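This is a predicted model, so every value here is computed, not measured. So you know, we letter chains A, B, ... as the sequences are listed, proteins then strands, and number each from 1.
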Amino acid sequence: MAKDYDFKAIEKKWQNYWYKGNIFEVTEDPNKEKFYSLIEFPYPSGSGLHVGHIRAFSSMEVISRKKRLQQYNVLFPIGYDAFGLPTENYAIKTKQHPRKVTDSNIKKFEEQLKSIGYSFCWDRTVDTTDPSYYKWTQWIFIQLFKKGLAYKSKTTVNFCPECKVVLANEESQNGVCDRCGSEVIQKEKDVWFLKIRDYAETLLSGLSTVNFPERIKTEQENWIGKSTGAEVTFQIISGDDQHPVVVYTTRPDTIYGATFLVLSPEHPIIHAIEENIQNLPEILDYQDKARHKKEFERVQLSKEKTGIILKGIKAINPLTNKEIPVFVADYVMMDYGTGAIMAVPAHDKRDWDFAKAFGLPIIEVIKSDVDVQKEPYVEKNDKGIMVNSPLINGLPVPEAISKMIHEMEILGVGKPKTDYKMKDWAFNRQRYWGEPIPIVNCKKCGQVPIPEEQLPLLLPEMKDFSPTDDASSPLSKCSDWVNTVCPICGGPATRETDTMPQWAGSSWYFLRYMSPKDDNFAVNPEAYSYWGQVDWYNGGMEHVTRHLIYSRFWNQFLYDIGVVTNKEPYARRSAQGLILGADGEKMSKSRGNVVNPDDVLKDYGADVLRTFILFIGDYEKPAPWSPDGIKGCQRFLSRYWALQDILKPDKYVDNSDLNLDLLIKKVDGDYENCKFNTAIAFLMTALNTIFSRGCVTKKEINTISLLLNPVAPHITSELFSIINDGAMIDKAVFPKYNPDKLVMDSVEIPVQIMGKLRGKVVIQTGSDEESVMATVKEQGLLDGKTVLKVIYVKDRIINIIAK
RNA sequence: GCGAAAGUGGCGGAAUUGGCAGACGCGCUGGACUUAGGAUCCAGUGAGGAUAACUCAUAGGGGUUCAAGUCCCCUCUUUCGCACCA
């Protein structure tokens, strides 16, 4: 009998072999095919690794180890996305420097990751807060600035009074701060933006060139929110003057049904025509109220339409030349389209609600069975036919749209227009622990990027980097650093005191891994030409509309300026599901259902933890942690260990019950498709077969060891070396299956009579219908019935229709 | 409201894409070995039925088919994403 498996000692032994020997480090080797597998690098929080990380990393860990055994040159790097608020807040609270906090957190993460046995290329570790890294984050910002893709503009921003930081729209959904959950308020500020909207089209079209799950593509498409339509100019009559107001519509074909115009409360035209607005005080009051409603409130209170007519003001429908009333209403948003709409109540729910509330005319322009006076008819299938629309009567909607746009162009009142929901990326934060924005403000020269040879622009050393109450950056308190000279004219100038958002460093880290120590390039061109695209990137669904879009944007920009040669950074993307607490709820400290991986490691060891996290369920779906379930994986691995006790020379073993070729095909294929749970289930079944047979061959142990090695590398390394006189499993080759040997000689198939299961017969593989029927009769399954019809699916099933 | 995905034993989940529903694991029941069992091994385990034949079972209802968890129609539920987007 083999000794009990001492996971503590054996896991330590192999980790030493891997990490001291640096065996996962790779160099560009043109003779070997490369494989670049990437995980989302962690934020090194003080609480350390959680089980969610382990699920997220384990998929690419399995793929990386498997690809190495399959003789690929595998780049599987690790790093830390270490700028950010929690570290800074913790540093302030504990009166330490964030640098110190970050370093000790990173150290802890590294120890934990190594104790799980991950096969990262440790020599390539990057840290976004390292000046040698953020030098290049700043460099990319300067390139964006030089191309006019970084600009500063005054806007109202979402401000979290708790974190004292400006938030992007993505970080303040539903009007609450993403981080602390407190209510966001609106504040007027100068804000840096990156013109991601300029890349909306290529971000959209690029999706067709990559292998992302459909749900991820859909989410990104929705986020970008492309719509096509037209801009149409209405003239507003204000006293003796006419003012053009442009509306955006996706349905220019319905313009004959446009019976009123609605302006957003913020629309600038209101100020221009205010002398002719007879009920101006009422309007000003409404504007004021709208301003105090936060954006999310305007959205949430959408049930009731409010608005006020502009008395004394009219607009002209440019197609009918009829006068129509003009309203201001907060259901129209200033930041989408043009901030003004033509309302077509017959065919738009919101316009219809508004028209009903204000007693406005409703004119049907698309034929339907619906009485549009009673409910709006919203066209969905593009099959409607236009009515009451002189220029386009009788046309189906799609043709009506293009004809109408054409007519509008002739009349000079409209033109085609494409719009996007996605807004430019607010790119600054008023915090200390981030990359300083490398721009100097000079009274004479304006905004001047600091010369590239002066990068990195280091964060100044400060004693007190707590946030200010007035929403300006802590860096503004550091006057020595703020006051500088203009790189162009040499005159006095001041530095930008804001820092970049946390998304900055993570937008290009996958490139830095290729040449993490290069001083001359963000990414070394030679290294890039070898590693190129990330072959497979796994991460969370929560990053699909932020990090994944931002980093695609940066990569596309770097492609445009010739830094990289692939337009898309990631060839394939997968996403793991959440690990929930044992109660099926999201893990959280307040619920007390958090599983600490260190405890699991202590009780079961790394291999069991790794196996279980992959066996727990469908990789892409959420799965509750099961404290009992993990025991099944522990038993599985100890049964695997016990294989050595029943090892017999090949000639004494009848192994016709186990098809190794099929096993290889299933396991390999399941790994490639993220079906880790079923891959492990197949290996369990193989062990069940072997143990019920009672003996095992060396070939079987070796095949199973190699198949299982990516999941449980320690125990398989050990057993492989025991069985093979000290040979190293990482020098072995992953097994290949023989396609000719996938089918067994005989197969048992079900026999159905009248569609009901009535028995089973064992047949030679590939038998024809006659011989199967003969077997069926032989076994008396027909019971003297008359056969009317037989449906036989080869090697699968036979169904007999009989009386 | 719009869009997407999903609903299978006590639980996590399988099902070669229309072909034996419940693989694999947990849990549970009985047994063996044990001073002991939160160790290990063996057997059983969807429900009903005399533990037999058989019948019923994949959210509910209808349909297509020799054959439906899988395809079609309707209803319900859940999760996720987007949301006064013009």
Categorize [X] for me: base, sugar-phosphate, or nothing, with a 4.0 angstrom heavy-atom threshold over every strand shown.
| X | value |
| --- | --- |
| A:Arg350 | base |
| A:Asp419 | nothing |
| A:Lys665 | nothing |
| A:Ile801 | sugar-phosphate |
| A:Glu219 | sugar-phosphate |

(message) If you assign A:Lys789 and A:Tyr619 each to the RNA chain B nucleotide with the nearest heavy atom, which residue ends up on the more 5' nucleotide?
(response)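 By nearest-heavy-atom nucleotide position, the 5'-most residue is A:Tyr619.
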Nearest-angstrom distance from the residue atom [atom1] of [X] to [atom2] of [N]:
| X | N | atom1 | atom2 | answer |
| --- | --- | --- | --- | --- |
| A:Asp618 | B:C24 | CG | P | 19 Å |
| A:Phe676 | B:C24 | CZ | C1' | 17 Å |
| A:Leu578 | B:G12 | CG | C1' | 16 Å |

Which nucleotide in the list [options] gets nearest to the side chain of [X]?
| X | options | result |
| --- | --- | --- |
| A:Arg758 | B:U55, B:C84, B:C66 | B:U55 |
| A:Tyr336 | B:A86, B:C24, B:C66 | B:A86 |
| A:Val793 | B:G19, B:C24, B:C82 | B:G19 |
| A:Ile797 | B:C20, B:C66, B:C84 | B:C20 |

(message) Quick check on B:A4: syn or anti? Syn means the glycosidic torsion is within 90 degrees of zero.
(response)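 Base orientation relative to the sugar is anti.
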Between [X] and [N], does any side-chain N or O lie under 4.0 Å from OP1 or OP2?
| X | N | result |
| --- | --- | --- |
| A:Asn677 | B:A14 | yes |
| A:Tyr248 | B:A86 | no |
| A:Asn799 | B:U65 | no |
| A:Lys666 | B:A14 | no |

(request) Measure distances between side-chain N and O atoms of A:Lys349 and base N and O atoms of B:C84, and say whether any donor-acceptor pair falls under 3.5 Å. (result)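 No such pair is found, so the answer is no.
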(message) Could you check whether A:Asp607 and A:Tyr640, counting side-chain N and O atoms only, form a donor-acceptor pair closer than 3.5 Å?
(response)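 On atom types as modelled, these side chains do not qualify, holding no pair under 3.5 Å.
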(message) Near RNA chain B, counting only heavy atoms under 4.0 Å, which residues of residues 627-640 of chain A show up?
(response)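 RNA chain B contact set from residues 627-640 of chain A: A:Asp628, A:Gly629, A:Gly632, A:Arg635, A:Arg639.
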(request) Could you tell me whether a side-chain N or O of A:Arg197 sits under 3.5 Å from a main-chain N or O of A:Lys423, the two making a donor and an acceptor? (result)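 Checking the backbone N and O of A:Lys423 against the side chain of A:Arg197, no donor-acceptor pair under 3.5 Å is found.
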(request) For A:Arg350 and A:Asp353, run salt bridge (charged side-chain N to carboxylate O under 4.0 Å, His left out): C-alpha distance rounded to whole Å, both residues' side-chain angles, the deciding distance at 0.1 Å, then the answer. (result) CA-CA 5 Å; A:Arg350 296 152 301 173; A:Asp353 289 345; over 6 Å; no
(request) Determine which nucleotide pairs with B:C71, using a 3.5 Å limit on both distances of a Watson-Crick or G-U wobble pair. (result)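 Here B:C71 is engaged in a pair, and the nucleotide opposite it is B:G63.
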